[in-house]
Amino acid sequence: MILSLSELYEILSQAYGKQHWWPIVQGGVSLYLEEYSQRERTPQEALEIWIGAILTQNTTWKNVEKALTTLKEKDVLSVEGLLNCSEEGLARMIRPVGYYMQKAKKIHVSMRFLATYLHGNPCEMRSWSLAEARHALLSLWGIGPETADSILLYALGFPVFVVDAYTRRILECLGYEEASAPYERLQHLFHQKLAPDVHLYQEYHALFVAVGKTCGKKPRCSFCPLSSWCRKSQENVLAGVERSPLQERMDKKS
DNA sequence: CGCCAGGTTGTTG
DNA sequence: CAACAACATGGC
């Protein structure tokens with residue numbers, strides 16, 4: 001039998017502990033505070049999460065941290081502040097995240113939306129229905145399903161499950177047929193099997209990222225808490241796919 | 001030097 | 001609708 005989604009959560013939760021997502025950047029470092037799960041995000045925090053969700057598209061968080069730090073130093077991490085920057089100027093400030101021209105434009109599009117429909121306050125979206133809010137986000141250029149759901153779940157506190165590349169990879173390793181299904185179908189699987197609990201969804205997605213880092217395209221099965229349930233683990237050990245850094249150097253020489 | 005990272009959009013069969 | 005290119009920096 002394959003692991004149920006509830007069992008999977010328990011295993012990851014015990015292996016990695018509380019993740020306290022989504023982080024807020026302060027003094028150049030990311031803070032993962034317990035209080036985030038005990039109160040609603042402030043408008044300022046919600047905006048930072050919104051921007052961060054765009055910046056982190058196909059990029060490491062470390063680079064997003066740098067960009068957010070620069071935006072704070074320049075004191076432009078606000079709807080008005082960002083709209084007062086030219087897209088070129090904004091692009092320069094977020095350069096480390098890559099795709100900076102596109103992302104600068106994406107940020108402007110979102111900020112114009114916030115200024116026009118929400119008085120510049122993302123938290124006002126909490127009075128919308130989940131369906132309306134999600135539809136509005138997806139209509140914005142630069143916001144796809146994962147970014148929309150990250151904003152809904154982490155900035156606004158809607159009970160939506162965030163699906164990402166790691167989610168697919170892990171589920172595939174565990175033998176789930178749905179792993180390659182379209183985004184909404186995979187999301188439906190989680191909504192169907194788990195209670196609509198915001199805190200659970202926030203932690204669960206963060207845990208997928210945590211375990212996903214040990215199970216990249218270079219699997220490190222010996223450090224993975226899922227190895228005994230994982231299809232690939234056995235194959236990798238037998239086929240010698242998992243290499244130590246030393247072995248990898250040897251491979252390159254020959 | 002090559003591959004990859006908490007995706008999205010536009011183009012093509 | 002699936003497959004693919006383009007977008008681009010930083011870390012290992």
Side-chain angles (χ1 to χ4, degrees), chain A residues 12 16 19-25 28 30 32 36 48-71 87-88 90-110 113 134 136-155 160-171 178-187 190 201-220 223 241-254:
Chain A
L12 294 178
Y16 297 103
Q19 302 299 300
H20 305 304
W21 267 33
W22 188 287
I24 290 297
V25 174
S30 298
Y32 299 83
Y36 296 156
E48 180 174 331
I49 292 168
W50 191 310
I51 304 299
I54 291 173
L55 293 179
T56 200
Q57 290 170 358
N58 202 46
T59 306
T60 59
W61 183 257
K62 203 67 192 166
N63 293 338
V64 176
E65 210 173 58
K66 289 179 196 160
L68 286 175
T69 299
T70 301
L71 293 177
E87 278 180 23
E88 294 76 15
L90 187 49
R92 264 196 303 279
M93 292 186 267
I94 65 174
R95 194 169 54 86
V97 300
Y99 313 139
Y100 46 78
M101 289 302 290
Q102 283 195 343
K103 286 174 180 175
K105 181 177 189 131
K106 291 175 179 182
I107 289 170
H108 261 198
V109 168
S110 276
F113 168 78
R134 190 169 195 271
L137 286 170
L138 289 175
S139 74
L140 299 177
W141 190 86
I143 296 194
E146 187 188 335
T147 307
D149 290 336
S150 294
I151 293 167
L152 291 168
L153 178 64
Y154 291 107
V160 280
F161 202 91
V162 178
V163 174
D164 70 347
Y166 288 145
T167 311
R168 291 201 141 79
R169 192 177 304 162
I170 303 303
L171 289 190
E178 299 92 337
S180 59
Y183 187 98
E184 270 76 12
R185 163 115 192 272
L186 198 41
Q187 180 179 54
F190 284 88
Y201 288 4
Q202 289 179 336
E203 285 298 313
Y204 206 153
H205 175 248
L207 286 166
F208 267 125
V209 175
V211 69
K213 284 176 178 169
T214 76
C215 183
K217 292 182 180 171
K218 284 184 182 188
R220 297 264 161 182
F223 295 102
V241 170
E242 185 178 3
R243 326 285 298 166
S244 68
L246 179 60
Q247 285 176 313
E248 281 166 12
R249 276 175 192 274
M250 302 291 279
D251 292 344
K252 284 192 178 176
K253 288 205 166 185
S254 57

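Numbered from 1 within each chain, the chains take letters A, B, ... in sequence-line order.
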**Message:** Is there a side-chain contact between A/Lys105 and A/Trp141 in this structure, where contact means two heavy atoms from C-beta onward sitting under 4.5 Å apart?
**Reply:**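 A side-chain contact exists here, since the closest heavy-atom pair is under 4.5 Å.
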**Message:** Measure OH/A/Tyr183 against P/B/dG6 and give the value in whole Å, please.
**Reply:**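 Distance check: A/Tyr183 OH to B/dG6 P gives 16 Å.
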**Request:** Please determine, by modelled atom types, if A/Lys106 and A/Thr147 share a side-chain donor-acceptor pair under 3.5 angstrom.
**Result:**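 Not at all, the side chains of A/Lys106 and A/Thr147 share no donor-acceptor pair under 3.5 Å.
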**Message:** Pick the closest DNA chain C nucleotide for A/Lys62 and for A/Thr59 by heavy atoms, then say which residue is nearer the 5' end.
**Reply:**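 Mapping each residue to its closest nucleotide by heavy atoms, the 5'-most match is A/Thr59.
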**Asked** NA contact type, A/Lys103, heavy-atom cut-off 4.0 Å: base, sugar-phosphate, or nothing?
**Response**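 Nothing, no heavy atom under 4.0 Å.
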**Prompt:** A/Tyr99 OH to B/dG10 P: how many Å, rounded?
**Reply:**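 Rounded to the whole Å, the gap is 15 Å.
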**Item:** A/Ser30-A/Trp61 side chain donor-acceptor pair, cut-off 3.5 Å
**Value:** yes
**Message:** So is the aromatic ring of A/Trp61 stacked onto the base of B/dA5, judging by whether the centres are under 5.5 Å apart and the planes are under 30° apart?
**Reply:** no
**Asked** Say you pick atom P in B/dT8 and the same atom in C/dG10; how far apart are they, in whole Å?
**Response** 22 Å
**Message:** What is the distance, to the nearest angstrom, from the CD atom on A/Glu48 to the P atom on B/dG6?
**Reply:** 18 Å
**Asked** Using a cut-off of 4.0 Å on non-hydrogen atoms, how would the nucleic acid contact of A/Ala53 be classed: base, sugar-phosphate, or nothing?
**Response**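 Nothing, no heavy atom under 4.0 Å.
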**Request:** Working to the nearest 0.5 Å, report the span between CD1 of A/Ile51 and NZ of A/Lys103.
**Result:**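 It comes to 12.5 Å.
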**Asked** Does A/Lys66 or A/Met101 map to a spot on DNA chain C nearer the 5' end, using the closest nucleotide for each?
**Response**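 The residue closer to the strand's 5' end, by nearest nucleotide, is A/Met101.
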**Item:** Rounded interatomic separation in angstrom, taking CD from A/Gln19 and C1' from B/dG6
**Value:**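 Taking CD of A/Gln19 and C1' of B/dG6, I get 12 Å after rounding.
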**Fill in**
Among B/dG6, B/dA5, B/dG7, the one nearest any side-chain atom of A/Ala165 is B/dG7
**Nucleotide B/dG6, atom P - distance to CD of A/Gln57 in whole Å** = 13 Å
**Message:** Any heavy-atom pair between the side chains of A/Tyr154 and A/Gln202 that's under 4.5 Å?
**Reply:**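 A side-chain contact exists here, since the closest heavy-atom pair is under 4.5 Å.
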**Request:** Without swapping roles, check the side chain of A/Thr70 against the backbone of A/Lys66 for a donor-acceptor pair under 3.5 Å.
**Result:**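 Yes, the answer is positive, given that a donor and an acceptor are paired below the 3.5 Å cut-off.
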**Request:** Check whether the ring centres of A/Phe161 and A/Tyr201 lie less than 6.0 Å apart, and answer yes or no.
**Result:**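 Yes, close enough.
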**Request:** Please report, rounded to the nearest Å, how far the C1' atom of B/dC3 is from the CZ atom of A/Arg220.
**Result:**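 Taking atom C1' of B/dC3 as the reference, CZ of A/Arg220 is at 14 Å.
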**Asked** By a strict heavy-atom criterion of less than 4.0 Å, which residues belonging to residues 139-151 of chain A are in contact with DNA chain B?
**Response**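 A/Leu140, A/Trp141, A/Gly142, A/Ile143, A/Gly144, A/Pro145, A/Glu146, A/Thr147 - these, ordered by number, are the residues of the stretch whose heavy atoms sit under 4.0 Å from the strand.
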**Fill in**
Note: chain A reaches DNA chain C at heavy-atom distances under 4.0 Å over the stretch, first to last nt, 5' to 3', of C/dC7 to C/dG11
**Fill in**
Any stem touching DNA chain C, meaning at least three consecutive Watson-Crick or G-U pairs under 3.5 Å, ordered by first number, would be B:2-5 with C:9-12, B:7-13 with C:1-7
**Prompt:** Between A/Asp149 and A/Tyr183, do the side chains contain an N or O donor and an N or O acceptor separated by less than 3.5 Å?
**Reply:** yes
**Asked** So, A/Ser110 side chain and A/Ile107 main chain: donor-acceptor pair closer than 3.5 Å or not?
**Response** no
**Item:** Nearest atoms (heavy-atom pairs only) where A/Ala210 meets A/Gln19
**Value:**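 Here A/Ala210 and A/Gln19 meet closest at CB-OE1, 4.0 Å.
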**Prompt:** Can you find a side-chain donor-acceptor pair between A/Ser150 and A/Trp22 that sits under 3.5 Å?
**Reply:**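 The criterion, which ignores hydrogens and geometry beyond distance, is not satisfied for A/Trp22 and A/Ser150.
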**Request:** Rounded off to whole Å, could you give me the NZ-to-P distance for the A/Lys106 and B/dG7 pair?
**Result:** 11 Å
**Asked** In whole Å, what separates the P atom of B/dG6 from that of C/dA2?
**Response** 25 Å
**Asked** If every non-hydrogen atom of A/Ile143 is compared with every non-hydrogen atom of A/Ile151, which pair is closest and at what distance?
**Response**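 Closest approach of A/Ile143 to A/Ile151, heavy atoms only: CD1-CD1, 4.0 Å.
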**Fill in**
When rounded to whole Å, the CD1 to P distance for the pair A/Ile54 and B/dT9 reads 10 Å
